[in-house]
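Report on the following structure.
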Amino acid sequence: MVVVIVVKAYNMGVSLAEFVKDQRKKVGLTQEEFADKAGVALTVVRKIEQGKDNLSLSKVNQVLLMFGHSLAPISNKKL
């Protein structure tokens, strides 16, 4: 099963790619430095920032945890 995740950060229309890139630049790190600090491969950071859709949720969460965030599935069913 393939799951496509579309993320809006802070519900302000910012994509996951834009959010990660902006936050990384705010802390003054290159992609390589950031990948090293997040404990992921450089290719993971590049794929996220390029908006690729074939990403591992666990790797995305490793990156997002650097900013105090994470992704989790939510139900779109009405309760």
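These values consider heavy atoms only, across backbone and side chains, with no hydrogens, waters or symmetry-generated copies.
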Quick one: closest heavy-atom pair of [X] and [Y], and the distance?
X	Y	value
Ile48	Ala17	O-CB, 3.2 Å
Leu29	Glu33	CA-OE1, 3.4 Å
Val20	Phe67	O-CZ, 4.2 Å

Taking the side chain as every heavy atom from C-beta outward, state whether Arg24 and Glu49 have any atom pair closer than 4.5 Å. yes
Do any pairs count as a side chain to side chain donor-acceptor pair (under 3.5 Å) and have a residue in residues 36-46, sequence neighbours left out, and if so which ones? Gln31-Arg46
Any chain of hydrophobic side-chain contacts (each under 4.5 Å) joining [X] to [Y]?
X	Y	answer
Leu57	Leu55	yes
Met66	Leu42	no
Leu16	Leu65	no

Please say whether more than 12 non-hydrogen atoms of neighbouring residues, nucleotides or ligands are located less than 6.0 Å from CD in Glu32. no
